[in-house]
Amino acid sequence: MVYIAFIMDINQLTQEILNGRRLTRNDDLSFFETCNFEQLCQGADLIREKLRGNKIDLCSIISGRSGRCRENCKFCAQSAWNKTNCTEYEFLPEEKIVEKAKNDATEGVHRFSIVTAGKALTGKEFEKAVHAYKTIHETVNIDLCASFGFLTKEQFIELKKVGVNTYHHNIETSRRFFPNICSTHSYEMKIQTLKVIKECGMRICSGGIIGMGETMADRIDMALSLSEIPVDSIPINVLTPVKGTPLENQSPLSAEEILRTVAIFRFINPTAQIRLAAGRKYLQNGGSAAFTSGADSTITGNFLTTTGTDTESDKKMFAQLKRTI
């Protein structure tokens with residue numbers, strides 16, 4: 001591969017991004033790993049402000065089905081391959097799902113998603129999910145997202161018909177590092193699924209987890225893969241090691257490394273939502289620094305098997321940052 005060299009000046013690169021330049025695999029992006037940290041974050045924040053504005057996008061999720069997943073993802077508390085003693089239950093009653101969607105909408109959340117463990121949601125449980133979304137769409141003023149694994153094109157179309165306009169499907173990490181994390185499905189399967197989602201006219205929410213042992217070069221590669229689709233929203237999760245998983249002893253990332261990663265993702269995906277997700281506890285003040293380093297979205301409230309942040313605290317933080325909800 002032939003790389004195109006350019007002056008490693010963050011201020012100059014920031015202006016080039018604002019003027020329409022987009023970074024690709026033909027660029028040597030290794031300088032991101034060592035460039036001035038403060039300048040990088042400032043540049044990312046300026047790109048965020050000019051291309052995304054000062055509005056913060058809030059989404060919330062509910063775990064619609066938990067545990068007994070047959071996939072062997074090394075980070076996951078819900079994988080049957082891991083011994084985590086996580087809570088297991090079948091698909092939740094519709095009333096409980098609709099109630100949470102209503103409460104979240106009342107608190108100012110913009111988007112609500114049902115998330116289920118497992119390779120794919122099928123059969124009667126998928127039918128229950130479709131009906132739940134139909135009810136929410138008809139009764140609650142909130143955008144809808146879904147995260148049910150590897151669905152078929154027909155299933156995506158069915159979800160879209162009942163008001164689901166976004167689908168979440170993380171690629172997790174780089175193509176190179178993915179086999180170290182999961183072997184029961186492939187990276188290419190994930191990329192192909194994202195392409196089908198786009199074909200169906202749905203927004204794509206796809207990102208991954210940092211801090212699993214990958215390099216910064218792997219994170220840059222992941223950011224490039226997402227830009228090539230391209231995706232609309234990129235959740236960045238920081239690994240919270242779960243006892244009983246193969247990654248239980250993984251050392252946590254420093255705050256600076258987390259923020260550098262967020263900033264890099266903004267440079268490579270300047271017009272996408274960069275969504276701070278799990279692992280905000282590794283940053284001070286609810287992760288406020290991430291929102292001056294390129295992030296413009298977040299998951300709010302407690303979610304899945306990690307502890308989130310409550311929506312009221314998030315709203316106060318964003319008010320202090322002079323961001324609108």
Side-chain angles (χ1 to χ4, degrees), residues 41-42 44-64 96-115 133 136-137 139-147 163-166 168 170 203 205 207 209-210 231-238 240 255 258-259 261-263 265-266 269-325:
C41 292
Q42 289 170 0
D45 194 46
L46 183 61
I47 293 170
R48 185 273 311 161
E49 180 183 4
K50 297 298 184 182
L51 299 184
R52 292 290 311 167
N54 287 318
K55 183 176 174 60
I56 293 289
D57 184 86
L58 298 178
C59 69
S60 64
I61 62 181
I62 185 171
S63 180
K96 188 170 183 178
I97 295 172
V98 174
E99 179 184 10
K100 187 174 190 307
K102 289 180 177 179
N103 290 339
D104 290 350
T106 300
E107 291 184 357
V109 174
H110 304 108
R111 188 173 295 99
F112 175 78
S113 180
I114 307 171
V115 179
Y133 277 122
I136 297 170
H137 182 60
T139 60
V140 185
N141 184 24
I142 196 168
D143 285 339
L144 298 176
C145 177
S147 184
V164 179
N165 57 22
T166 303
H168 168 262
N170 279 349
R203 296 177 75 255
C205 179
I209 305 173
I210 63 175
V231 306
D232 303 283
S233 175
I234 302 175
I236 297 177
N237 299 271
V238 184
T240 299
I258 295 169
L259 296 174
T261 302
V262 170
F265 269 71
R266 173 56 68 200
N269 295 272
T271 61
Q273 291 175 335
I274 305 295
R275 189 176 303 278
L276 193 60
R280 287 170 63 179
K281 67 180 182 180
Y282 296 115
L283 300 172
Q284 295 182 346
N285 302 321
S288 62
F291 300 99
T292 57
S293 301
D296 69 327
S297 312
T298 191
I299 299 178
T300 189
N302 292 332
F303 47 92
L304 297 183
T305 52
T306 63
T307 301
T309 57
D310 68 271
T311 306
E312 283 305 311
S313 295
D314 280 345
K315 289 163 72 173
K316 290 178 181 177
M317 176 183 68
F318 293 127
Q320 292 174 348
L321 292 172
K322 295 181 171 52
R323 306 294 168 78
T324 58
I325 302 297

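Hydrogens, waters and symmetry mates play no part in the numbers below; they use all other heavy atoms, side chains included.
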Q. Side chain to side chain contact (heavy atoms under 4.5 Å, CB included) between I61 and I114: does it pass, once the steps are laid out?
A. CA-CA 6 Å; I61 62 181; I114 307 171; over 6 Å; no

Q) Between T324 and I56, is any pair of side-chain heavy atoms under 4.5 Å apart? A) no

Q | salt bridge (Lys or Arg N to Asp or Glu O under 4.0 Å) partners for D104, two or more places apart | A | K100

**Q.** Non-neighbouring partners of T271 that pass side chain to side chain contact (heavy atoms under 4.5 Å, CB included), sequence neighbours left out
**A.** R22, L51

Q: Look up atom NZ in K315 and atom CG in D310, then write down how far apart they are to the nearest 0.5 Å.
A: 10.5 Å

Q: Not counting sequence neighbours, which residues clear side-chain hydrogen bond (donor to acceptor under 3.5 Å, both in side chains) with N54? List them please.
A: R48

(Q) Tell me every residue that passes ring pair (Phe, Tyr, Trp, His ring centres under 6.0 Å) with F318, counting only those two or more places apart in sequence or in another chain. (A) F291

Q: Report the residues that fulfil ring pair (Phe, Tyr, Trp, His ring centres under 6.0 Å) with F265, sequence neighbours left out, ordered by chain and then residue number.
A: none

Q.
Just to verify, what does D232 make a side-chain hydrogen bond (donor to acceptor under 3.5 Å, both in side chains) with, not counting sequence neighbours?
A. none

**Q.** For Q42, side-chain hydrogen bond (donor to acceptor under 3.5 Å, both in side chains) partners two or more places apart
**A.** none

Q. If we only count heavy atoms from C-beta on, is the I299 to L276 side-chain gap below 4.5 Å?
A. no

Q: Taking atom types as modelled, find out whether T106 and N103 have a side-chain donor-acceptor pair closer than 3.5 angstrom.
A: no

Which atom pairs, one a donor and one an acceptor, fall under 3.5 Å between side chains of residues 139-147 and the rest of the protein, sequence neighbours left out?
unit_1 : atom_1 : unit_2 : atom_2 : d
T139   : OG1    : T135   : O      : 2.7
S147   : OG     : H168   : O      : 3.4
S147   : OG     : H168   : ND1    : 2.8

Q.
Under the rule for salt bridge (Lys or Arg N to Asp or Glu O under 4.0 Å), what residues qualify as partners of R203, not counting sequence neighbours?
A. none

Q: Kindly compute the distance separating CE (M317) from OG1 (T300), expressed to the nearest 0.5 Å.
A: 8.5 Å

Q | Contacts of K50 that satisfy side chain to side chain contact (heavy atoms under 4.5 Å, CB included) - sequence neighbours left out | A | L18, L46

Q) So, are D296 and R266 salt-bridged, with charged N and O less than 4.0 Å apart? A) yes

Q: Return the set of residues passing side chain to side chain contact (heavy atoms under 4.5 Å, CB included) with D57 (not counting sequence neighbours), or none when no residue passes.
A: H110, R111, Q273, R275, S297

Q.
If the condition is salt bridge (Lys or Arg N to Asp or Glu O under 4.0 Å), which residues does E99 pass it with, not counting sequence neighbours?
A. none

